[in-house]
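As structure tokens, the structure follows; a few thoughts come after it.
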Amino acid sequence: MKKQTKLIRIQTEKTQFREHSTPLYMTSSFCFEDAQMGKDLFDNSLEGNIYSRFSNPTVQEFVDKVCMLEEMEDGIATSTGMAAVYAGFAAHLQSGDHIVSSKALFGSAHQIITQILPKWGISHTYVNASEPKEVWEAAIQPNTKMIYLETPSNPGLELVDMEMAGQIAKAHNLIYFVDNCFATPVLQVPATYGANLVVHSATKFMDGQGRVLGGIIVGTKEMIEPVRFFCRQTGPSLSPFNAWVLSKSLETLTLRVDKHCENAEKLALALEGLPGVKKVNYPFLPSHPQYDLAKKQMSAGGALVTIELEGGFERVIKFTKLLTIPSLTSNLGDSRTTITNPDTTTHAKVSKQDKELLGIFEGSMRISVGLEDIEDIIEDFKQAINGSN
Ligand SMILES: *Cc1c(COP(=O)(O)O)cnc(C)c1O
């Protein structure tokens, strides 16, 4: 069966009620038929649900779907994307280890790497996403244990060559860990390039409608085993309710992502070259510096478009006051077009020098293009850009 069919048909076993839609197992624990069963479940001679911090059928259905999409053997769902990122680090790294990571990271991932991991003596080297192989390779030290990356990056939409990173990981025997949130497994499957851990903020495109927080980490059986131990003991579990919402949402993931990409490409093309717009960044625009790589490793350009308006923050304020449809909010991956000024919101804590390296300027606007009729969105952007010129 094709992925799309599986995505719709993977479902928890039907109960005696013969329900059609998937049931929600909203329970904190599970009963033992007798004391022997309790003993067997606890000593692992019998597999089954015990307690929802360990496993839950609704949560497992969501995990099964993402494993299928990411072509991975096993996975753990978590309460947020950051819990999944942290679990991946905490389960695999120990004092004295070193990580090589792409520099343009989601803000909280950057905070974990620079503020939390150093408390346990775990160090890092950042490399700019678009650097060639030699530069990535030069960052590796004898104690490097992991290569971590996000592609495309937030909000600069720079790409890391996943095949190149895979070759380096293999040659140096590193854990190859990818945050695939921006692209989703619809557009790229990091496992194809040898990634052995992949993480998602399910809050974004997997939910797709801005309702629940969730995260997931998937990987090879061997890589997930320590993550399972870490999560069972420390408890960043996903709520069954959120898992139920996310699993239902995944049925339409492919359709939604395809439409997001179609709309984003149209918006990017319509805004490029407009007076008042200094730059439009979109991986599938021929003007993107890594257009060829984007075409090679992504099946479409994604839902995110970053534009740079001429003028400073005053201009940004005027522009956002004039926009009538998009929601001004820092979330992304929603059916509604959302827009934010990274310089003063998501990346406000980053130094000015680093912001420039990451392609963040006063006039930068990150747009997560939604599923509205794109003609309306284009028209709205045009009038707000003209009106603020
Ligand atoms: C949102 C996001 C996260 C964090 O996910 P939460 O669900 O908010 O914890 C991590 N990585 C990327 C790329 C994100 O966009």
Side-chain angles (χ1 to χ4, degrees), residues 59 62-63 66 70 75-90 99 101-117 126 129 148-160 162 177-188 190 195 197-218 231 234-239 241-243 245-246 249-250 253 257 260 264 283 298 302-306 329-334 338-340 342 345-350 358-360 366-370:
V59 174
F62 168 62
V63 171
V66 179
E70 286 288 4
I76 310 282
T78 53
S79 54
T80 66
M82 285 325 301
V85 170
Y86 183 68
F89 290 150
I99 317 172
S101 168
S102 56
K103 186 173 174 68
L105 293 182
F106 185 72
S108 295
H110 168 71
Q111 298 297 345
I112 291 177
I113 289 176
T114 58
Q115 306 293 327
I116 299 176
L117 297 184
Y126 278 148
Y148 180 70
L149 57 94
E150 279 178 33
T151 179
S153 71
N154 175 26
L157 304 178
E158 257 187 291
L159 310 186
V160 180
M162 287 191 289
F177 192 8
V178 178
D179 181 335
N180 200 24
C181 172
F182 265 36
T184 82
V186 177
L187 305 185
Q188 64 188 24
L197 279 178
V198 171
V199 76
H200 281 278
S201 168
T203 315
K204 314 293 169 54
F205 295 97
M206 290 194 176
D207 175 312
Q209 288 140 91
R211 299 162 298 183
V212 301
L213 295 171
I216 186 161
I217 177 165
V218 296
C231 289
T234 61
S237 335
L238 180 65
S239 148
F241 177 76
N242 287 8
V245 170
L246 292 169
S249 276
L250 283 182
L253 180 73
V257 170
H260 277 295
M298 300 174 76
L304 279 298
V305 177
T306 302
T329 175
S330 62
N331 198 23
L332 59 96
D334 198 298
T338 61
I339 183 163
T340 194
T345 62
T346 54
H347 292 70
K349 290 198 188 82
V350 178
L358 302 177
I360 301 167
R366 186 194 71 192
I367 310 158
S368 171
V369 183

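One-based numbering, in listed order, for ligands and for the atoms of each.
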N/O donor-acceptor pair under 3.5 Å between Q188 side chain and T151 backbone: yes

- prompt: To the nearest 0.5 Å, how far apart are CD in Q111 and CE in M82?
  reply: 9.5 Å

query: Protein residues near ligand 1, heavy-atom distance below 4.0 Å?
result: T80, G81, M82, F106, E150, D179, C181, F182, S201, T203, K204, G214

Side-chain donor-acceptor distances from residues 210-218 under 3.5 Å, at least two apart:
{"residue": "R211", "atom": "NE", "partner": "D207", "partner atom": "OD1", "Å": "3.3"}
{"residue": "R211", "atom": "NH2", "partner": "D207", "partner atom": "OD1", "Å": "3.4"}
{"residue": "R211", "atom": "NH2", "partner": "S249", "partner atom": "OG", "Å": "2.7"}

message: How long is the straight-line distance from OG1 of T184 back to CD of E70, given to the nearest 0.5 Å?
response: 8.0 Å

- prompt: Has the side chain of T338 got a donor or acceptor atom that lies under 3.5 Å from a matching backbone atom of T329?
  reply: no

message: Nearest 0.5 angstrom please: S101 OG to I112 CD1, how far?
response: 11.0 Å

